[in-house]
Amino acid sequence: MPLRAILVGAGRMGLTHMAQLNLLTDFAIRWTVVEPSAAVRAGLGFVLPAAMLEATASRPETARGSFDLALITSPTMHHDTAWQALRRRAGRVFVEKPLRVRDPEPHLLCGYVLLHHPLQQRLRAAIAGQPLAEVRLSLRANTVLGPNGGWRGRRASGGGVLNEFGSHLLSLALDLAGPVERLELVEAETIHSVDVPDRARLAGTSAAGAALALSLDWTDADVRKPGYAVEVTLADGRTLAHDFYEFTDGAARVSIAELPSNAGVYLRGLEFTAQARHFLEAPSFDRELAIAAGVDRLLEQLA
Amino acid sequence: MIILGDNPFFGVNHASTARATGYYSRLKARDWSSAHATMRAALAHGVDHFMVSTHAEAPDLLASMRADPELRRFRIIPAVPYLHRLNGVVATRGVPAAMLASMDYARAARSLLATGSVPAAALAGFVAREVEEVASLGFEVPAIALQNIFVDLLLGLGQADRIGRLARNLARTGRRLIAITMNPILADRLLDPAIILCTHYNVLGYMVQPDLEGFRRWMAGTGREVWAMGVMASGRAKLADVVADDTLLRFRSLLIGSSRPASIQAFAEAVERSRTPAPAHAALD
C-alpha cells in the first residue's frame, strides 16, 4: 500500500525533499502537489512520472483527502495557511525553516537540518548533563558579494543574513545550550543589502547561565561556500567543537571521514538523509519543535 | 585508468574546512602553479584525463592549460551542470529565470525541434552550453559527467529515463555519459546499462552508500562500468590500505584529486604496482 503525501510548494527545496523521501521509501509514495502557479502545475509531468503524481491543486485547502506525509516548502509567509489546512489531515508534517505557524503540534517537524548532522549530534551527546560556560557559533559565507536588491536583501520579504543563516545558528545554540534568557544584536552592518544586515554579532545568555556569542557574515569573499564553526566551553574549562567536518575535544580530533557516515541513500548531505529518516520514523518531534519555536521567538525579538 | 579530479584546484575538500580554505586562497589569486605542477606529475604517470566541474573559474584554469604545450595534452571530461553556479540565481530569481539565464537560445531552439519538449530542450540546452564552454577552448572532450546532485535528484524524482535520453543524444556526438551518483545501487537498477557510473568509494566507508559491505557485494556482481571517486577519503585513508583493497581492482577508472604532485605520483605508482601481477616463483621454472 503506497503512502499518500502532499507537497505544498514545488520549488527547489520542495523537490529535493520529495526526491529524498522517494529514495528512502523506494518510491512507495503517491504525491499530491500544491502549487499556485498554473505554469508550474502544467510542467509537473516533467518533474514527476504520472504513476507517482496522484493529483495537483492550486491551494492546500482544495487538496482532497488525508495524507500520511505533508511537506510545506512554500514561502514562509504561507506556512501557516498550509499548516492550518493540513494539520488534521496529515500524519506527519514537515515545514521548511523558519517555523512561523500558529498552534504547532508534535507531529510537525521544522527543517533545521543541521540539528541532524552526525557531528552536531556527537557534540550534543558529549556535553549532555554538564554545565556550560560558553557557546560560540559563527557563520562565514560568500553568498552576497555585490548589490543585493532582491528578496534576500529586503526586510519585508524575510531576507538578510539573520533570517537566512542566523536561524540555523540559533537552532544550533538552542540545541546545545537550551532555552535562551537574553539575546541582543551587538553589531549589525548592511553592506550590499537594502535594509537588512549582511554582517551581525549577537550576544546573550542561556536560561542555565551559559554565555552565548554568535557571529555571521555572508559577504566573506575568502570562503568558497557557507562554513560554520560551533564551539562549547564547559564550566570546567574543557572545550569541544566541530565545523561539520571535524570534531575536537581538547587536543583530540576526529574527522567525519573516520566516523560511520553511511546514510543508506544520499542526496545533498548526510544531515538531509538523517532529517528525512527522522521525519519518517520518529514517534514525535517535540524537541525539534521547541527549538524551532524558540528560534521564531528570538528572530522576532531581534527584528 | 586514473583520472585527475579538480576538487583541490577549486577549493573543495569533503573532510576539512581548513584545507578547503587553503586551496581557495590560491584559487582566488588565480594562482594555477600548484595545479599545473600536479598536472605535470599526472601526465608523467600516464594520467591524461582531467575531470573538471564547470565552475565559474574553470575557463580560466583551462585557458592556462591551453597556453602550456604539455598540459594541452589533457583530455577533458566536463562535470555538468555546475548547479552551485546557478544557486544564487535560483534563490533570488527562481528556477525559470536561472534556466533562461544559462541557456543558449539558438541551441535551445534546435533542441526544442529535436525533442519536441520544452523541459527536455531546456535540460539539453543547459548541459550543452556548459560543455561547449570547454570544447570551444580546443580540448578533446571524450565524455561528459553529470554531477551527482543532478543525477541523484533526477533519480529521486523518477526521471532516470531523462538521463538515458541525454546519454543517447551524446552517443550521437561520439561522447559517453558518466553519471556521478552517491546512490550507485539504485542508479545501477534504474539507468541505461550503457551509462558509466562514477561513485564514492573508499576503504574507510566514508560516504559509501548504502554501506561498505553492501557496496562491495553489489560491486562484485554488477556488470556495469563503474568508476570510483573519493578513494582517499579526502586524504584520510592510508595509501597502503587503499591499494590493498580487492574492490579497488574492480573499478575501470579511479578519479583522484590532489594539490600535491608527490601525492599523485605516489598514488599512480601504488596503483600500478597493485595491478601488476607478481612474477612467478622461481621454483616453478
Side-chain angles (χ1 to χ4, degrees), chain A residues 10-12 15-24 26-27 37 39-40 43 45-53 140 142-145 148-153 159 164 221-225 227-229 243-246 255-270 273, chain B residues 10-21 23-25 27-28 84 87-88 90-96 98 117-120 122-123 148-149 152-159 161-162 181-183 185-186 200 202 204-212 214-215 230 233-237:
Chain A
R12 184 174 51 129
L15 295 178
T16 301
H17 291 306
M18 173 191 261
Q20 183 81 259
L21 291 172
N22 286 337
L23 292 172
L24 275 173
D26 201 16
F27 301 92
S37 160
V40 173
F46 174 65
V47 172
L48 214 57
M52 292 166 65
L53 184 63
R140 294 169 64 195
N142 61 347
T143 310
V144 175
L145 299 179
N148 189 31
W151 71 266
R152 269 183 163 174
E164 184 97 351
D222 288 336
V223 296
R224 171 154 206 100
K225 62 175 190 173
Y228 296 87
D243 62 359
F244 294 103
Y245 292 105
E246 194 170 62
S255 164
I256 182 78
E258 294 158 322
L259 296 171
S261 57
N262 310 112
V265 300
Y266 186 103
L267 181 62
R268 283 191 69 135
L270 298 169
T273 308
Chain B
F10 291 115
V12 178
N13 184 286
H14 294 299
S16 166
T17 304
R19 280 193 191 192
T21 305
Y23 297 153
Y24 191 48
S25 61
L27 169 68
K28 281 204 331 163
H84 297 297
N87 211 22
V90 171
T92 52
R93 293 168 56 196
V95 173
S117 152
V118 172
L123 175 61
N148 61 289
I149 181 74
D152 291 331
L153 182 65
L154 287 179
L155 291 179
L157 293 174
Q159 299 287 346
D161 60 322
R162 298 209 185 274
T181 177
M182 299 297 284
N183 300 290
I185 298 178
L186 180 76
H200 213 268
N202 53 71
L204 298 183
Y206 176 50
M207 296 212 300
V208 177
Q209 312 302 340
D211 54 54
L212 194 55
F215 184 98
S234 298
R236 300 287 172 170

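Proteins come first, then strands; the chains are lettered A, B, ... in the order of their sequence lines, and each starts at number 1. Just the heavy atoms: all of them, side chains too, but no hydrogens, waters or symmetry mates, feed the values below.
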Any side-chain heavy-atom pair of A:Val265 and B:Leu186 under 4.5 Å | no
Winner by heavy-atom pair count (cut-off under 4.5 Å) against chain B, out of A:Leu270, A:Asp26, A:Leu259 | A:Asp26
Where is the tightest heavy-atom contact between A:Met52 and B:Gly158, given as atom of each residue plus distance?
-> SD-CA, 4.2 Å
Go through the atoms of B:Ile185 and report whether side chain, backbone, both or neither lie under 4.5 Å from a heavy atom of chain A.
-> neither
Between B:Ile149 and A:Arg268, the two heavy atoms sitting closest are CD1-CG, 3.5 Å
Here the pair of heavy atoms bringing B:Gln209 nearest to A:Ala263 is OE1-N, 2.8 Å
If you look at every heavy atom in B:Asn183 and A:Leu23, which pair is closest and at what distance?
-> ND2-CD1, 4.2 Å
What part of B:Asp152 is in contact with chain A, defined as an atom under 4.5 angstrom from a non-hydrogen atom: side chain, backbone, both or neither?
-> both
Would you say the side-chain atoms of A:Asn22 pair up with the backbone N or O of B:Gly156, donor to acceptor, closer than 3.5 Å?
-> yes
